[in-house]
Structures are given as C-alpha cells and as structure tokens.
Q: 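Following this message is one structure expressed as structure tokens.
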Amino acid sequence: MTAIHRRPPADTPSGWMPPSELAVIGSDPAPAQADWAVVGAGFTGLAAARRLAELNPDKRVVLIDAMPVGWGASGRNAGFVIDLPHKFDLDGDDAGRMRRVVRLNRAALADLQRQVEAGAIDCDWSPVGKLQAAIADTGLKGMRTFARILDSLDEPYRLLSREDLHRITGTRHYAGAIHTPGCVLMNPARLVRGLARTLPANVTVLDGCPVSAIAAEGSSHLISLRRRGVPIRIRAGRVIAAMNAYTSEFGWLRDRMVPIATFASLSAPLDDAQMAIFGGQTDWGLTPADAGGTTLRMTRDRRLLVRNRFDYLGAFGASDRTLDRVRDSHRLALRRRWPELADLAFESTWGGVCALSRNRVSYFGQMAPGVWGSNTHNGVGVARGTISGRLLAEAACGHDSDLLADMQAVSGQPVRNPPRPFVGLGVKTRLRYEAWKSRKEI
C-alpha cells in the first residue's frame with residue numbers, strides 16, 4: 001500500500017501527480033461498525049468496495065488504506081490497461097486459458113470505461129492500443145511467440161517495421177513491433193483517485209489510515225488502525241483483503257508471496273525544441289517483447305516515462321542508493337533511444353511494490369472464514385486487480401457467473417517459498433540472471 005520514491009520538490013510531479021494533490025480523500029467519521037471492510041484502496045480494493053456497495057445498498061462498506069489513495073503501486077504504474085495475455089500469461093499453449101484471461105481483462109476494461117465516463121474522471125483515458133517491441137534476438141523471439149498466440153486466438157494485430165516505429169516513437173532503436181488495438185493508456189493516479197471519489201454513498205473511505213491488525217472475533221473481525229495518529233478499531237462482519245504483497249503481513253498466504261518492486265522515472269515535459277529533436281508522436285505506450293526489457297510511455301503532455309529494473313523487497317523498502325542506480329539505468333535507456341535528448345531531466349523516480357509467486361499463479365478466493373482476497377497478480381494488476389475485486393465481491397455475496405468461473409479457472413495456490421534468507425538470495429540471483437539475458441532489450 002506504499003510506494004518507494006525519491007520525494008521531489010513540492011511543485012514537481014511525484015510519479016503521476018503533484019504531491020499537493022495526493023492528499024487524503026476520506027473525510028467522513030470512521031464508523032465503529034461496518035458490514036464489510038475492504039483493506040487496500042488500489043484497483044482491487046476500489047472495485048471490490050464499489051461492487052459490494054452496489055449489491056448491498058443498505059449495508060455499510062468501509063475502504064481502508066495506509067496511504068492516500070494513489071500513493072501506492074495502483075497510482076504509480078506505467079498506465080496500461082492491457083486486454084490481451086501479458087508477461088507470464090504468455091507462457092504455455094493453453095488457448096482456452098488465454099481466452100479466459102482475455103474475457104476477464106476486457107470485462108475490467110469495460111467496467112473502468114463505464115466508471116470513467118459516468119464519473120467524468122479526468123485521467124487521460126486513451127484507447128490507442130499498445131506497441132510490443134523488440135530490439136535484439138530475445139525480443140524478436142518474444143514477438144514471434146506473441147504473434148503466434150494472437151493468431152491462435154484470432155486477435156487482430158499489425159506488424160510494424162523499424163521505420164514505422166520511428167515515425168511513432170522518434171527512435172530507430174527497435175527492430176520492429178506488434179501493435180494491438182485493445183489496450184487503453186491512462187494516468188493511473190488520477191484514475192484511482194477518481195474511482196475513489198465516485199464510490200457509492202454507502203462506502204466510507206479511510207485513506208491515510210495504516211492497519212496494524214485484523215483479528216477474527218466470533219463471527220466478525222476487529223480491525224485496528226490509526227487515523228490522524230489516533231488508534232481506533234472498527235468491527236466488520238466480513239473482510240476483503242486487497243493488499244496484494246502486504247497480505248502475508250496479516251498472516252494469510254504466509255511464505256507464498258514474493259514482494260518485488262518495479263521502478264520508473266518520469267521526465268519533465270519536452271519543450272517545442274526538444275519535441276522537434278524527438279521527432280515522434282505523443283500518446284503512445286510500448287512494452288518490451290522480452291519481459292525483462294524497458295517499458296516506455298510518451299504522454300499527452302509530452303513527458304517520457306521509462307520503466308525497467310526489478311528488485312526483491314523482503315522488507316518492503318529501497319534505499320536512496322538503489323534509487324540512484326535505478327535513475328542511472330533509466331537515463332541510459334533514454335540515451336540509447338534518443339541520444340540527442342541525453343540531458344532531458346527526470347522530475348521523479350519511484351518504485352511500486354507488487355507480488356509474484358514462484359509458480360506464477362495468481363490467488364483468488366476465500367483465505368479464511370469471512371475473509372476473501374486476490375493477490376500475486378504477477379505485475380499485471382490494473383485489469384486483473386479490477387476484475388478480481390469485482391468478482392471477489394460477487395463471490396463473497398453468493399453470486400455466480402461465467403466470469404467468476406473464468407477467474408477460478410485461471411487462479412490457483414502459490415507454492416511455498418524457501419525459508420529466509422534463501423528466498424531472497426534465490427530471487428535476487430534469478431533477477432540478475434533475467435536482467436543479464438535481457439540486457440540488449442533494456
């Protein structure tokens with residue numbers, strides 16, 4: 001529920017929003033009792049709270065987060081809502097499973113679009129699709145695999161040459177790309193804050209309220225938290241745990257989650273002279289065909305976003321030294337693609353915590369009596385988190401649907417990790433190896 005970042009001056013963007021706009025949203029009094037408590041106000045928690053409130057208009061739902069809405073990974077990702085199989089979902093040849101993933105992701109996209117339109121949420125919602133690009137052999141192999149999967153699913157796509165990409169991105173660094181039309185780009189911080197502000201009236205938002213314990217007491221749960229520094233307790237009938245990597249801190253799925261940080265940097269807006277040097281278009285997003293490569297965005301307001309580097313976060317924190325190394329890596333990636341823009345300043349560098357599982361399985365379901373959760377989304381949390389939250393609420397309320405069957409079919413039980421410190425050593429070694437394999441794509 002937190003993000004790791006280098007705090008910039010107060011008048012510059014912090015991730016995707018100025019710090020002055022990342023204030024606490026919730027101002028209503030904290031209830032002593034609630035029918036439902038949703039802990040975690042990212043995409044999963046927001047969708048769960050909304051759906052619970054819609055299904056139970058006469059019930060009280062409380063949505064709690066340790067930080068202001070938008071502060072964590074849901075507000076600080078690269079801003080893609082991806083409809084197609086992505087990253088680990090590309091592994092294997094199970095076309096039926098992949099079709100389920102597509103249906104779930106597109107249901108999430110449709111839900112988010114309805115909420116953006118109904119709530120007039122200003123988040124640069126842009127259905128321009130996505131580029132999946134390659135530089136060298138490992139990336140080109142990934143592109144061929146992706147094209148084969150798209151063909152098997154009868155999904156439309158367009159192959160782009162180096163010159164095609166140059167016209168869009170302003171760089172000839174890439175050998176080629178696949179453009180798929182269904183992805184949406186957006187500003188994630190403005191989206192999640194807009195979703196929080198437009199929740200139904202029977203949802204009370206308590207952000208900036210760290211939870212220290214969730215204890216079962218009879219048929220209910222006692223949630224201990226701090227609000228404005230004051231300890232309070234809320235008794236809730238049932239709980240949805242939407243904390244992703246932090247779930248194990250409360251005793252659920254202990255030793256089955258691997259906390260990983262991904263890092264990004266956001267540039268200052270390019271001025272007219274820099275745009276002329278850049279030579280490309282605005283409002284596009286590029287993911288690497290090799291998952292270890294570099295993700296790029298050029299935003300509508302002329303900012304370049306660079307995302308690469310992964311780190312194991314056994315203690316959920318990163319040092320200034322780590323952020324300095326990350327920033328240097330992002331500068332190098334930018335310089336390789338646009339050497340004439342080598343002096344372009346980054347206004348913010350940050351990391352967001354996500355959860356992976358060693359067997360690449362996402363968890364969805366009831367974790368304990370009266371407690372439901374969805375986590376280990378393996379780095380693809382916007383669409384998966386959104387639809388997971390909605391379906392968790394429906395499952396917890398006894399509803400059934402084809403989408404719920406899809407979710408249950410593509411989910412499972414993450415395997416146990418080795419004991420510490422071996423898990424950290426193993427994950428760090430694997431991350432270094434993957435970075436070495438992907439070095440030409442970074």
Side-chain angles (χ1 to χ4, degrees), residues 1-5 13-27 38-53 61-82 105 108-126 184-200 203-209 240 242-246 262 264 266 285 297 299 305 307 348 350-355 374-375 377 379-390 392-393:
M1 292 184 272
T2 60
I4 305 149
H5 66 106
S14 176
W16 283 92
M17 292 182 69
S20 59
E21 295 185 35
L22 281 172
V24 168
I25 286 177
S27 59
V38 180
V39 183
F43 285 104
T44 304
L46 287 162
R50 182 180 299 274
R51 191 61 177 143
L52 286 172
V61 180
V62 60
L63 175 63
I64 311 168
D65 200 287
M67 303 298 289
V69 173
W71 193 271
S74 286
R76 296 176 189 270
N77 56 76
F80 292 77
V81 192
I82 294 172
N105 289 347
L109 265 163
D111 282 353
L112 288 171
Q113 182 163 346
R114 281 193 295 270
Q115 291 154 25
V116 166
E117 293 172 353
I121 298 172
D122 180 11
C123 63
D124 292 335
W125 185 266
S126 181
V184 168
L185 305 179
M186 48 79 187
N187 180 313
R190 296 195 186 282
L191 175 56
V192 293
R193 289 178 71 80
L195 293 172
R197 289 192 176 103
T198 57
L199 286 167
V203 179
T204 299
V205 177
L206 301 176
D207 56 340
C209 298
I240 287 184
M243 301 94 75
N244 203 15
Y246 300 89
T262 62
L266 189 67
R297 283 278 311 273
T299 65
L305 180 144
R307 189 204 63 76
S348 186
W350 72 94
V353 182
C354 60
S374 178
N375 43 60
H377 299 143
V380 288
V382 177
R384 186 61 172 264
T386 295
I387 194 61
S388 293
R390 167 185 152 184
L392 274 178

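Along the sequence shown, the residues carry numbers beginning at 1.
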Q: Tell me the closest heavy-atom pair linking Val38 and Ala242, and the distance in Å.
A: CG1-CB, 4.5 Å

Q: Closest approach of Gly42 and Ser74, non-hydrogen atoms and distance?
A: CA-OG, 3.2 Å

Q: Okay, side chain of Arg297, backbone of Met186: is any donor-acceptor separation there less than 3.5 Å?
A: yes

Q: Taking all non-hydrogen atoms of both residues into account, name the closest pair between Ala78 and Leu305 and its distance.
A: CB-CD2, 4.1 Å

Q: Main chain of Ala189, side chain of Arg76: is a donor-acceptor contact present, judged purely on distance under 3.5 Å?
A: no

Q: Given 3.5 Å as the limit, does a donor-acceptor pair link the side chain of Asp207 with the main chain of Gly26, or not?
A: yes

Q: Is there a side-chain contact between Asn77 and Phe43 (heavy atoms, below 4.5 Å)?
A: yes

Q: So, taking the atom named OG1 in Thr44 and the one named CE in Met243, what distance separates them when rounded to the nearest 0.5 Å?
A: 11.5 Å

Q: Working to the nearest 0.5 angstrom, can you tell me the gap between Ile121 CD1 and Arg190 CZ?
A: 12.5 Å

Q: Between Val39 and Tyr246, does a side chain to side chain contact (heavy atoms under 4.5 Å, CB included) hold up when you go through it step by step?
A: CA-CA 10 Å; Val39 183; Tyr246 300 89; over 6 Å; no

Q: Where is the tightest heavy-atom contact between Val353 and Ala245, given as atom of each residue plus distance?
A: CG1-CB, 3.8 Å

Q: Counting C-beta onward and ignoring hydrogens, is there a side-chain heavy-atom pair between Leu195 and Leu112 closer than 4.5 Å?
A: yes

Q: Arg193 side chain to Ile25 main-chain N or O, any donor-acceptor pair under 3.5 Å?
A: no

Q: Gly385 and His377: which non-hydrogen atoms are nearest, and at how many Å?
A: CA-CE1, 3.8 Å

Q: When you compare the side chain of Leu46 with that of Leu63, does any pair of heavy atoms fall below 4.5 Å?
A: yes

Q: Cys354 and Asn244: which non-hydrogen atoms are nearest, and at how many Å?
A: CA-ND2, 4.0 Å

Q: Can you tell me how far apart CG (Leu185) and OG1 (Thr299) are? Round to the nearest 0.5 Å.
A: 10.5 Å

Q: Using side-chain heavy atoms (C-beta onward) and a distance below 4.5 Å, is Leu266 in contact with Trp350?
A: yes

Q: Give the C-alpha distance, both sets of side-chain angles, the deciding distance and a yes or no for side chain to side chain contact (heavy atoms under 4.5 Å, CB included) between Trp125 and Leu191.
A: CA-CA 9 Å; Trp125 185 266; Leu191 175 56; 4.2 Å; yes

Q: Look up atom OG1 in Thr386 and atom CG in Asp111, then write down how far apart they are to the nearest 0.5 Å.
A: 8.0 Å

Q: Can you tell me how far apart CZ (Arg51) and CD1 (Ile240) are? Round to the nearest 0.5 Å.
A: 11.5 Å

